[in-house]
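What follows is one structure encoded as structure tokens, with my remarks underneath.
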Amino acid sequence: MAPEPRVSDDGAPLRRSSAALARLRRLSRRRDVRREESLLLVDGPVLLADAVETGAAVVEVFVEEDSVLTAEVPAGVPVRTVASGELAKVLDVVTPRGVVAVVRRPQHTLAEVLARAVDTERPVVVLVGIQDPGNAGTLVRVAEASDAAGVVLTDGSVDVWSPKAVRASAGSALRVPVVVDVPCAEVLGAAADRGLPTVGTVPVVGEAPESTDLAGAFVLLLGNEAHGLPEEAVASVGRLVSIPMSGAVESVNAGVAGAVLLFEAARQRRAGTGERSAGGGGS
């Protein structure tokens with residue numbers, strides 16, 4: 001059972017002027033504060049339940065007085081009652097869901113994610129300068145759904161630990177190994193040291209996804225929504241891939257492009273497994 005909500009020291013539900021909600025506002029709206037304290041916010045009872053299920057360290061929970069806390073909160077975690085409507089004034093999300101939790105950020109390294117790719121023969125997704133939190137969160141979600149080994153965000157990318165990105169990931173950010181603030185050149189160098197092939201997305205001149213070998217471990221670079229991959233990255237990757245499109249459409253959303261390529265990679269892995277199984281049954 002979840003513990004009974006705890007009110008502020010003066011016996012009243014917390015309001016925006018309280019020190020606790022002022023700190024919550026800073027965590028919600030300021031990337032530097034989240035980075036310095038290695039914290040993130042999960043918005044809503046579903047994401048809170050996901051955080052608890054993954055074993056994430058929940059620091060404290062805030063519940064509006066007219067909301068129901070359905071997630072089971074670990075023993076000893078403070079649960080604070082907030083006056084109705086106050087979370088919308090402090091959180092950097094549209095339509096807060098009445099429950100928000102402060103959670104310690106999962107910690108992973110580039111070396112760990114690349115090793116996982118090699119060991120599992122799965123791709124690593126690298127977001128190069130992605131700026132939209134919805135795209136970043138969606139791509140983390142797609143990475144989990146397509147069984148990728150992990151996600152890396154280069155320096156200059158949006159904060160994947162912002163409330164909007166965490167919400168867009170639908171909890172995947174707490175389950176998929178995610179590494180942030182790594183220079184693109186460092187990612188490419190580490191991939192080369194590991195012997196991992198690199199694939200970069202470009203609007204035209206690249207191979208079609210179905211014509212590219214995506215069945216094993218590789219590093220997939222997805223570029224900025226407006227400008228794509230930087231020229232130095234395009235010149236450095238081993239292969240370029242483009243999604244064939246009809247009509248006057250020149251490009252698609254970064255989340256869509258990543259989904260097309262990652263699910264094509266998953267399809268090729270399944271097809272390869274089937275072929276090896278069929279071959280293994282012969283004389």
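Only heavy atoms go into these numbers, but all of them, side chains included; no hydrogens, no water, no symmetry mates. Numbers here simply count residues along the sequence, with the first being 1.
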Measure from the side-chain N and O atoms of [X] to the backbone N and O of [Y], and report whether any donor-acceptor pair falls under 3.5 Å.
| X | Y | answer |
| --- | --- | --- |
| Glu65 | Ala83 | no |
| Asn135 | Gly137 | no |
| Arg167 | Gly134 | no |
| Arg116 | Ala149 | yes |
| Ser38 | Arg105 | no |
| Glu121 | Asp119 | no |
| Gln268 | Leu214 | yes |
| Ser146 | Val142 | yes |
| Ser236 | Glu232 | yes |

So how far is it from [X] [atom1] to [Y] [atom2], rounded to the nearest 0.5 Å?
| X | Y | atom1 | atom2 | value |
| --- | --- | --- | --- | --- |
| Arg30 | Asp159 | CZ | CG | 13.0 Å |
| Glu264 | Ile243 | CD | CD1 | 10.5 Å |
| Leu222 | Thr201 | CG | OG1 | 5.0 Å |
| Ser169 | Asp50 | OG | CG | 9.0 Å |
| Leu114 | Asp193 | CG | CG | 9.5 Å |
| Asn224 | Asp132 | CG | CG | 10.5 Å |

Verdict with supporting geometry, Leu87 and Leu24, side chain to side chain contact (heavy atoms under 4.5 Å, CB included): CA-CA 9 Å; Leu87 288 181; Leu24 195 65; 3.9 Å; yes
If we only count heavy atoms from C-beta on, is the [X] to [Y] side-chain gap below 4.5 Å?
| X | Y | value |
| --- | --- | --- |
| Thr198 | Leu188 | yes |
| Leu196 | Val124 | no |
| Ser162 | Ser28 | no |
| Cys184 | Leu221 | yes |
| Asp181 | Leu153 | no |
| Val180 | Val160 | yes |
| Glu64 | Val99 | no |
| Val77 | Val61 | yes |

Is it the case that more than 12 heavy atoms not belonging to Arg104 sit under 6.0 Å from its CZ atom? no
Working for side chain to side chain contact (heavy atoms under 4.5 Å, CB included), residues Trp161 and Val178: CA-CA 10 Å; Trp161 304 118; Val178 176; 4.0 Å; yes
Going by side-chain contact (heavy atoms from CB on, under 4.5 Å), Val59 matches just one of Val103, Leu27, Leu39. Which one?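 Exactly one option meets the side-chain contact (heavy atoms from CB on, under 4.5 Å) with Val59, and it is Leu39.
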Show the nearest heavy-atom pair for residues [X] and [Y], with the distance to one decimal.
| X | Y | value |
| --- | --- | --- |
| Ile130 | Glu225 | CG2-OE2, 3.3 Å |
| Pro197 | Ala217 | CD-O, 3.4 Å |
| Arg141 | Ser172 | CA-OG, 3.4 Å |
| Pro13 | Val82 | CB-C, 3.9 Å |
| Leu262 | Pro123 | CD2-CG, 4.0 Å |
| His108 | Pro177 | CD2-CA, 3.6 Å |

Just do the side chain to side chain contact (heavy atoms under 4.5 Å, CB included) check on Asp92 and Arg25 with the steps written out, would you? CA-CA 8 Å; Asp92 187 25; Arg25 179 186 178 89; over 6 Å; no
Shared ILVMFWY cluster between [X] and [Y], side chains joined below 4.5 angstrom?
| X | Y | result |
| --- | --- | --- |
| Val237 | Val204 | yes |
| Val94 | Val158 | no |
| Leu40 | Val46 | no |
| Val68 | Leu48 | no |
| Val79 | Val52 | yes |

Before you tell me yes or no, could you show the steps for Arg175 and Glu53 under side chain to side chain contact (heavy atoms under 4.5 Å, CB included), namely the whole-Å CA-CA distance, both residues' side-chain angles and the distance that decides it to 0.1 Å? CA-CA 10 Å; Arg175 295 185 293 267; Glu53 184 177 346; over 6 Å; no
List the steps and the verdict of side chain to side chain donor-acceptor pair (under 3.5 Å) for Glu207 and Thr212. CA-CA 6 Å; Glu207 305 172 45; Thr212 307; 3.2 Å; yes
State whether Arg26 and Glu36 are salt-bridged, where the test is any N-O pair (Lys NZ or Arg NE/NH1/NH2 against Asp/Glu carboxylate O) under 4.0 Å.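 Looking at Arg26 and Glu36, the cut-off is not met.
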